[in-house]
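Heads up: the structure comes next, in structure tokens.
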Protein chains: 2
Amino acid sequence: MSAADVAVCGLGRMGTALAEALAEAGTAPVTWNRTPGPGAAASPAEAARGARIVVLVLFDAAASHDVLAQVREGAAPGTLVVNCATVAPGESRALADEAEAGGLRYVEAPLIGSVPKVREGGLRVLAGGAPEDVAEAERVLRVWSRTGELRRTGPVGSATALKLVANLGLGLAAAGLREALAYGAALGVPRADVIATLAAGHLAPFVVAKGERLAREEYGHADFTVAALAKDLRLVASQTPGLPVAHAAAGLLAR
Amino acid sequence: MSAADVAVCGLGRMGTALAEALAEAGTAPVTWNRTPGPGAAASPAEAARGARIVVLVLFDAAASHDVLAQVREGAAPGTLVVNCATVAPGESRALADEAEAGGLRYVEAPLIGSVPKVREGGLRVLAGGAPEDVAEAERVLRVWSRTGELRRTGPVGSATALKLVANLGLGLAAAGLREALAYGAALGVPRADVIATLAAGHLAPFVVAKGERLAREEYGHADFTVAALAKDLRLVASQTPGLPVAHAAAGLLAR
């Protein structure tokens, strides 16, 4: 394949890391970002022109719709759109319909893992879509997950559902940690004791992963932004009744 | 020391395991339980008569107050009360005051770990109280924590504070797991996929620990009852403002 037959639209921290990983693997992609940068295409349409696979790495469904509409203007019929955003299953199916209406194919490929995981090829990638489309998407997805996991989950909607389950777990762990720290402070327990106690308990993986930052009370440069996590929890809580903890956690993390 | 200088009041699953562990270690305690059983003392006063250490293993502060009042009727001056209940720090200080008013000494010793941990001596024990009282309590506490951890946390109130921090973490992990399972079911994700996804994420220790039961959808014989966990979360949420996730989790687990 030529070096330009993959496009990556969206160069946030994750999109940038994904594009860099493809370049290192010998598939330097055309890129586009809302804020123009050196070497990037002027529009999603231009990025998609000549690409066989267009990867979307955007914040949510609204941004995915917006960019997909522009991709459609430049993409050749049959171009494969691979959407890495965490969206609701229904939102993903709507995006797939929109892609198909424009003669494009669509795979949802939400990613579990953060920027450092991309660098080591250790992402867990969930892939939902028609089997032949997922098989084609694998040539980019495997670059990011060669030491991680690439899982075919079924049709469009199945991978995003599982991703939201995972992020619900992550979000509740994050909310739990935040409240336990607040609670410990309210009781006058030394912060180091709170962290040590939690690190020996059931929130351990999250606490240990964040331990160094926690000790410095440094939250600014998280690998996975709290804003994105709050967005995912809102998505979960707003679309499914009867999830009071997710609802409370979404509110807490949105503060 | 004689075989009868320790009493254990409260023979729930945990109290029974603690008493058995003491017996195995050569310190068979006098026991008392609200529901009379073979070989048990007729009252807390009778159990406390002649004991140097009276261990309370009760559900909450109300039960602790009730039994402590009866212990006072039989205990010799200077008898050491070791309270293993998870109560609020303020509740524990009130119990200490009550013990002291009756000429007794008081150590709070909340336990982290469940019945199987008692059997292997692997509990984590937090001990709060006057240093000389904690030192004396250690002869029973070490039996339960010889391969675990015995931690002196400071004055009465410090150990219960840390225990509630730990149980807040545990409770939020439990609530998170329950909601993630409900959410997965609402989305139509196969239950095994939900569990596998969570087991690879930040709720992993809890999910893995509960994995076999989860797969069987069996919740009845938990090592640590959900009722006790709901009680602790209520304790946390009701006494400290601004903990929306703990509040929601308390409600969820109380269902």
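The structure displayed is predicted, hence computed values, not measured ones. Keep in mind that the numbers below use all heavy atoms, side chains included, and drop hydrogens, waters and symmetry copies. Below, chains carry the letters A, B, ... as their sequence lines are ordered, and counting in each starts from 1.
With a threshold of 4.5 angstrom between heavy atoms, A/Ala88 does not approach chain B through any atom at all. A/Leu164 touches chain B through backbone and side chain together, each having a heavy atom under 4.5 Å away. The contact between B/Ala186 and chain A is made entirely by side chain atoms (from C-beta outward), counting heavy-atom distances below 4.5 Å. Using a 4.5 Å cut-off between heavy atoms, B/Ala200 contacts chain A through both its backbone and its side chain. Interface residue A/Ala249: backbone and side-chain heavy atoms are both found under 4.5 Å from chain B. Both the backbone and the side chain of B/Val165 come within contact range of chain A, each with at least one heavy atom under 4.5 Å from a heavy atom of that chain. The parts of A/Leu162 that come within reach of chain B are both its backbone and its side chain, each placing non-hydrogen atoms under 4.5 angstrom from that chain. A/Leu243 touches chain B through backbone and side chain together, each having a heavy atom under 4.5 Å away.
The shortest side-chain heavy-atom distance between B/Ser158 and B/Glu108 falls under the 4.5 Å cut-off.
Among the candidates B/Gln239, B/Glu149, B/Arg151, B/His247, the residue making the largest number of heavy-atom pairs closer than 4.5 Å to chain A is B/Arg151. Contact count against chain B (heavy-atom pairs under 4.5 Å) is highest for A/Gly176 among A/Gly184, A/Pro241, A/Gly176. If you tally non-hydrogen atom pairs under 4.5 Å between each of A/Val194, A/Thr153, A/Ile112 and chain B, the highest count goes to A/Val194. When each of A/Thr197, A/Leu172, A/Leu187 is checked for heavy-atom pairs under 4.5 Å with chain B, A/Thr197 comes out on top. When the candidates B/Val189, B/Asp193, B/Leu198 are compared by the number of heavy-atom contacts under 4.5 Å with chain A, B/Asp193 comes out ahead. Chain A forms more heavy-atom pairs under 4.5 Å with one residue of B/Ala173, B/Pro89, B/Gly169 than with any other, namely B/Gly169. When the candidates A/Gly154, A/Gly90, A/Ala161 are compared by the number of heavy-atom contacts under 4.5 Å with chain B, A/Ala161 comes out ahead.
The OG atom of A/Ser64 lies 4.0 Å from the CG atom of A/Asn83; values are rounded to the nearest 0.5 Å.
Residues A/Ala21 and A/Val143 approach most closely at O-CG1, 3.6 Å, considering heavy atoms.
Here the side chain of B/Thr86 pairs no donor or acceptor atom with the backbone of B/Lys163 at under 3.5 angstrom. Distance alone, capped at 3.5 Å, is enough to place a donor-acceptor pair between the B/Thr147 side chain and the B/Gly121 backbone. In this structure, the side chain of B/Glu179 engages the main chain of A/Val245 through a donor-acceptor pair within 3.5 Å. No donor-acceptor pair closer than 3.5 Å links the side chain of B/Lys117 to the backbone N or O of B/Gly148. A donor-acceptor pair under 3.5 Å links the side-chain atoms of A/Thr160 to the main chain of A/Gly157, judged by distance alone.
Remark: A/Asp60 does not engage A/Arg234 in a salt bridge, criterion side-chain N to carboxylate O under 4.0 Å. Between A/Glu136 and A/Arg105 there is a salt bridge, with a side-chain nitrogen of the basic residue lying less than 4.0 Å from a carboxylate oxygen of the acidic one.
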